[in-house]
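Have a look at the structure below, then the notes.
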Amino acid sequence: MSLEKEITALNNWFLLRPKISGVLVFTLLFSILNLAIYFRYEVIRENEQRNMTYILNVVKQNIEQTLKSSYATTITLALTIDDSGNPKNFEEVGKQLVANYTSVDAVQLVPKGVIKYTYPLKGNEAAINFDILHHPVHRKSALRAIATKSIYFSGPRELIQGGMGVVGRLPVFKKGRFWGFSSVILKFDTFIKSTGIGSFKSDKYYFQFSKINPITHKEEFFLEDKSDFSKKNYQKVEIPEGGWNLYIIPKNESALFWAFMPVISIAFLLSLLCGFFVTTLLKKPSELQKLVEAQTLKLARSESLFKSIFEHAGLGITHNNSKDGSYIDANDKFCELIGYSKDEIKSMDFMKITHPEDLQADLDYMQRLKNGEINQFSMEKRYFDKNGKIIWVNITVTPLWEHKDNPTNHITIVEDITQRKESEKLILESQKKIKDLIDSIDGIVWEGNSVEPGVTFVSKKSEDILGYTPEEWLADKYFWRKIIHPDDRDWVIKQSTDNAKARKAFDTEYRIIAKNGNTVWVRDIVSIYHESVESIKFRGILIDITKSKQFEIDLNNSLTLVTEQNKRLLNFSHIVSHNLRSHTSNIQSLINLIEMSDNEYEKKELLVLLKSVSEALNETMDNLNEVVSIQTNITPVIEELNLNKFIKRTLEVLRNQIVKNEAKIENNISDDETVKFNPAYLESVLLNFLSNAIRYKHPERNPRIELNSYLEDNYRVVEIKDNGIGIDLDKNGNKLFGMYKTFTNNPESRGIGLFITKNQIDALKGKIKVESKLNEGTTFKIYFK
């Protein structure tokens, strides 16, 4: 029998047995589909394993990067230790390191194993003076670091200052001897965040992080899900720097199998259907032919639909050769975007129309895509259209090859973002104009918020007015408080705090210490606006009002001076009116008596009396002239005067009175003590007080005068204490320094000395205090400004 006949006979056999043929087709197709499903299952499972490996390696790399940053931190910190073993600028370096390395929460220096230096100190006070080399938990890890002379990370474990954390310790050796440790503290939450585990969380996998407990020698797990995963198909990597194990664990290994059960069921149904169709087909060949034609038509429609989407999509789509970047095809939208026809595009590659400044980044992404490092990528870049115009686009590139296959082709979806980029440019230009406008304002514009003290923005005018740069303001949140004048600081801070709480705008004037040390008067006008119910912002402008304030101060001083002069003039006028009226009245009366008298003897007696009254008037005029001299000398000469020099000169003048009255002078004032005063006034003041102390001695004892000097409330006080007859201050205290006021029967009392002395001291902003008791003595305290 020929081969042709055998084939015909076999076909006839199947045609005559449609049920058996159907069963055979079902069995064969179901077997083939199951085999294909199995292979697909294995591919997906292998891809998941690869994905797990990739994710695990990425997390490991993140951990290693965090550890490298920590190592760099400890090295930098160790370099601050000089050859004598003393850290230099620890606070400043620590602050910079914590700011630069976000994964590091704190830094420490641990001389001889005892924690002595910590930044930031706040929140870490409990760790100060903690001895790690004598602690059963920390000792092993510390000794291991010393033994290996390299950094070793201890933890995660409960920190002395509270909370879980990881501590990296680098042993420091100076001149070949162990100095201590340079350490970093990574709070466990910060450490886990830096690994990137949170970004890889999914419903497929979860992570676990463990370490062998140095005391119990059992493996401890630190992440949330601590269920037993030993029988699961997990993967792990070891991180020797901390003796850690990092696991990635599938949440449900059977999920993939069950995911394929619908496919297997479909394959079964499809095979069953095919078997049924074969059975029917053998019965009805024409029906099978129609079914084939219908399926062909459906495929044609699907192809037509895909082509329609490609051609008429709202975004540009290109089909590229991944090896050389040439265009295989492009849709109309892309052609319209860059201005080339399809034929022109097919003779080009994407490098030709890409802006040179963006090309390298594009090529780098493509190389990573071809290396299998990424599954796809998106980026913003610039194209040149046919006329050379720059077009900003956002591209998304997706490969058309399977994982580990040789790169062939890829699809690029192109979105025109030129308008958005131009809008962003306009916004930036607008922001620059606003900034330039703010910087041109003749005042310091600033902004802050209610969340924390300090300012969040300061205009550059600060540098012109106060000398401080905006960077200096922003580097320290308490900077503004520190530069306020000490005399104004408390009330300004209180007022601003109260207004902030009350959500109330304010306008106030105060002083600021400029960078060059000068005092600058400013007017601070502050307005408030709300960002939200909980948060508000403050905007203000500091205006330099130093000149106007100085003018105001000078004007007030002038007013005060004029007022004081007017008071003195009024007082002086009363004195002149009273004293001169008394003398002129006496003279007028005597002259009238002389004119009326015919007796020569009587006239002579009246003339004697007239001469006496005239001499008294002359003495009064001399006294008044001296008072006028003091009160009209607005700016008397002030010098730095040595006290003892003037005291000795005064005692020389009074030597005869001192010897005659057997007075004892006890001078306790040192030779280097000085006062700022007018020389003539000082001589007059000392002469008046010392001569009075002798003149008004107690009749039953020799005079004893004691001189002392000391500082009190920014005054130099000279104290003159005597043991004389004393003064009844209750009776005479309010008129003690009045003109022509006397309180004794001493014939030498004229009531002018204390009045002149008081005027001299008042003229130079000083003051006098008196303490006295009758028959015990008097103490005059002279306060020199």
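Computed from a prediction, not measured in an experiment: that's the story for all the values here.
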Testing the basics here: between [X] and [Y], what is the closest heavy-atom pair and its distance to 0.1 Å?
X      : Y      : value
Glu472 : Gly467 : OE1-O, 4.1 Å
Thr398 : Gln376 : OG1-OE1, 3.3 Å
Ile444 : Val458 : CG2-CG1, 3.8 Å
Phe188 : Pro156 : CE1-CG, 3.3 Å
Gly163 : Glu158 : N-OE2, 3.1 Å
Ser182 : Val172 : N-CG2, 3.8 Å

Checklist entry - Under 30°, 30 to 60°, or over 60°: which ring-plane class applies to Trp473 and Tyr468, parallel, tilted or perpendicular? => result perpendicular
Item to check | Parallel, tilted or perpendicular: ring planes of His410 versus Phe350, cut at 30 and 60 degrees | outcome: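 Correct class here is perpendicular.
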Short question: side chain of [X], backbone of [Y] - any donor-acceptor pair under 3.5 Å?
X      : Y      : answer
Asn371 : Glu373 : no
Trp179 : Gly85  : yes
Arg139 : Leu133 : yes
Thr195 : Ile192 : yes
Trp244 : Gly155 : yes
Asp105 : Lys187 : yes
Lys174 : Ile81  : yes
Arg481 : Arg489 : no
Thr148 : Arg144 : yes
Asp82  : Asn86  : yes

Looking only at side chains, do [X] and [Y] share a donor and an acceptor under 3.5 Å apart?
X      : Y      : result
Ser322 : Lys370 : no
Ser103 : Ser194 : no
Gln61  : Asn57  : no

A quick test of your reading: do over 12 heavy atoms of other residues, nucleotides or ligands sit less than 6.0 Å from [atom1] of [X]?
X      : atom1 : value
Asn375 : CG    : no
His134 : NE2   : no
Glu125 : CD    : yes

Checklist entry - What do the steps show when you test Asp349 against Lys352 for side-chain contact (heavy atoms from CB on, under 4.5 Å), and what is the final call? => result CA-CA 6 Å; Asp349 56 51; Lys352 183 176 180 180; 3.7 Å; yes
Separation of [Y] [atom2] from [X] [atom1] (nearest 0.5 Å):
X      : Y      : atom1 : atom2 : result
Phe384 : Ile391 : CZ    : CD1   : 10.5 Å
Asn245 : Gln208 : CG    : CD    : 10.5 Å
Lys60  : Lys236 : NZ    : NZ    : 11.5 Å
Asn124 : Ile160 : CG    : CD1   : 11.5 Å
Ile115 : Phe181 : CD1   : CZ    : 10.5 Å
Ile413 : Ser378 : CD1   : OG    : 8.5 Å

Within a strict 4.5 Å, meaning less than it, do heavy atoms of the [X] and [Y] side chains meet?
X      : Y      : result
Phe153 : Val167 : no
Asp362 : Phe377 : yes
Leu109 : Phe90  : yes
Glu64  : Tyr71  : no
His319 : Ile411 : yes
Ile395 : Met379 : yes
Tyr234 : Met52  : no
Val107 : Thr73  : yes

Checklist entry - So Ile185 and Gln161, side-chain contact (heavy atoms from CB on, under 4.5 Å) or not? Walk me through it. => result CA-CA 11 Å; Ile185 297 175; Gln161 56 270 45; 3.4 Å; yes
Next on the checklist: Please determine whether side-chain contact (heavy atoms from CB on, under 4.5 Å) holds for the pair Arg169 and Val110, giving the CA-CA distance in whole Å, both sets of side-chain angles, and the decisive distance to 0.1 Å.
Outcome noted: CA-CA 9 Å; Arg169 300 187 181 96; Val110 192; 5.8 Å; no
Any carboxylate oxygen within less than 4.0 angstrom of a Lys/Arg side-chain nitrogen, looking at [X] and [Y]?
X      : Y      : answer
Glu424 : Lys421 : yes
Arg420 : Glu415 : no
Lys211 : Glu220 : no

Item to check | Test side chain to side chain contact (heavy atoms under 4.5 Å, CB included) applied to Val58 and Asn62, Ile55, Leu56, the passing residue | outcome: Asn62
Item to check | side-chain contact (heavy atoms from CB on, under 4.5 Å) evaluation trace for Gln360 with Asp364 | outcome: CA-CA 6 Å; Gln360 189 57 51; Asp364 290 342; 2.9 Å; yes
Item to check | Ring centres under 6.0 angstrom apart (Phe209, Phe191) | outcome: yes
